[in-house]
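A quick write-up on the structure given underneath.
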Amino acid sequence: DFVTGRARPRAFAQLGLDPQAFLACNPRLAWIAITAHGWHGDAGQRVGFGDDAAAAAGLVARDGEGRPHFVGDAIADPLTGIAAATAALSAWSRGYGGLYDVSRRATAARIALAPRLDARERGTTLQLDGAWWLQVGARRQRVAPPGGRRCGARAAGVGADTRRIRAEFN
């Protein structure tokens with residue numbers, strides 16, 4: 001059994017939802033709390049998003065003059081999603097319950113402090129015979145060619161898909 005939440009503890013309290021009460025009823029329940037800066041203490045009340053959580057954790061790149069730049073667009077969000085999914089899978093596979101605090105800031109800090117890969121571990125991309133390859137040591141794996149995505153058409157107007165989506169839930 002899983003409960004996932006993306007809100008500050010105060011929001012859950014206002015709704016009358018208390019993880020400890022749920023966990024007392026079902027000790028094998030895994031409550032995955034995705035927060036900006038953590039579930040407990042003052043940090044649990046802080047609003048945050050991927051970019052500010054990553055910057056607060058030191059997950060930034062520096063240009064030649066030492067100025068910080070974002071590593072990726074809201075990079076802490078997808079990284080935290082992966083960490084939360086990993087926590088949920090780990091809890092489920094072991095039959096563990098409890099409150100799992102997965103914060104964007106803590107996830108970004110773990111990535112920022114991770115050892116850097118050298119070129120041998122990172123691999124090299126190659127273009128051979130019109131195909132793109134990633135080579136790491138003696139191993140080679142075909143990969144998609146690099147390139148940006150292009151917009152194929154204009155987005156539909158607001159509400160254009162509402163009827164179709166509602167039908168999916170009926």
Side-chain angles (χ1 to χ4, degrees), residues 1-8 30-39 43 46-96 100-169:
D1 294 340
F2 293 97
V3 174
T4 60
R6 288 189 54 208
R8 293 184 309 278
W31 182 296
I32 312 295
I34 299 172
T35 62
H37 298 279
W39 183 268
R46 290 183 58 198
V47 175
F49 302 94
D51 287 336
D52 65 292
L59 185 57
V60 293
R62 302 220 176 251
D63 65 17
E65 297 176 17
R67 292 182 301 229
H69 294 275
F70 293 121
V71 172
D73 182 25
I75 194 71
D77 290 326
L79 293 173
T80 303
I82 291 168
T86 302
L89 182 60
S90 178
W92 173 79
S93 67
R94 294 183 171 110
Y96 293 168
Y100 292 79
D101 180 6
V102 186
S103 81
R104 290 176 186 86
R105 182 180 177 151
T107 300
R110 281 192 301 277
I111 299 300
L113 296 173
R116 302 291 183 248
L117 299 174
D118 67 26
R120 291 183 317 258
E121 295 168 308
R122 236 185 353 249
T124 305
T125 53
L126 310 165
Q127 185 178 18
L128 301 170
D129 301 323
W132 284 89
W133 301 85
L134 173 65
Q135 183 161 342
V136 180
R139 295 189 62 207
R140 189 178 289 167
Q141 174 66 46
R142 190 171 181 165
V143 295
R149 294 187 297 170
R150 296 190 181 160
C151 181
R154 292 183 58 88
V158 174
D161 298 312
T162 303
R163 197 171 286 160
R164 179 183 55 80
I165 293 171
R166 278 189 169 165
E168 290 178 18
F169 291 99

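Note that the numbering runs from 1 along the sequence shown for the chain. Remember, it's a predicted structure, so these values are computed and weren't measured experimentally.
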Q.
Please check this pair: side chain of Q135 against backbone of G137, looking for a donor-acceptor N/O pair closer than 3.5 Å.
A. yes
Q.
Tell me the closest heavy-atom pair linking V71 and L59, and the distance in Å.
A. CG2-O, 3.5 Å
Q. Has the side chain of S90 got a donor or acceptor atom that lies under 3.5 Å from a matching backbone atom of T86?
A. no
Q.
I need the minimum non-hydrogen distance between A53 and A108, along with the two atoms involved.
A. O-CB, 4.3 Å
Q. How long is the gap from OH on Y100 to CD1 on I34, to the nearest 0.5 Å?
A. 14.0 Å
Q. At their closest point, which heavy atom of A74 faces which heavy atom of D51, and how far apart are they?
A. N-OD1, 2.8 Å
Q) What pair of heavy atoms forms the shortest contact from A84 to I32, and how long is it? A) CB-CG2, 3.8 Å
Q | Contact summary for A56 and H37, nearest pair of heavy atoms | A | CB-CE1, 4.4 Å
Q: With sequence neighbours excluded, tell me which residues meet side chain to side chain contact (heavy atoms under 4.5 Å, CB included) with A131.
A: W133, R142
(Q) Once rounded to the nearest 0.5 Å, what's the spacing between atom OG1 of T125 and atom CD of Q141? (A) 13.5 Å
Q) Hey, what do you get for CZ (R104) to CG (L79), rounding to the nearest 0.5 Å? A) 11.5 Å
Q: Would you sort out whether W132 and L134 count as a side-chain contact (heavy atoms from CB on, under 4.5 Å), showing the intermediate values?
A: CA-CA 7 Å; W132 284 89; L134 173 65; over 6 Å; no
Q.
Within a 6.0 Å radius of atom CZ on R163, are there more than 12 heavy atoms belonging to other residues, nucleotides or ligands?
A. no
Q. What distance do R105 atom CZ and T80 atom OG1 have between them, rounded to the nearest 0.5 Å?
A. 12.5 Å
Q) If you look at every heavy atom in I75 and A54, which pair is closest and at what distance? A) CG2-CB, 4.1 Å
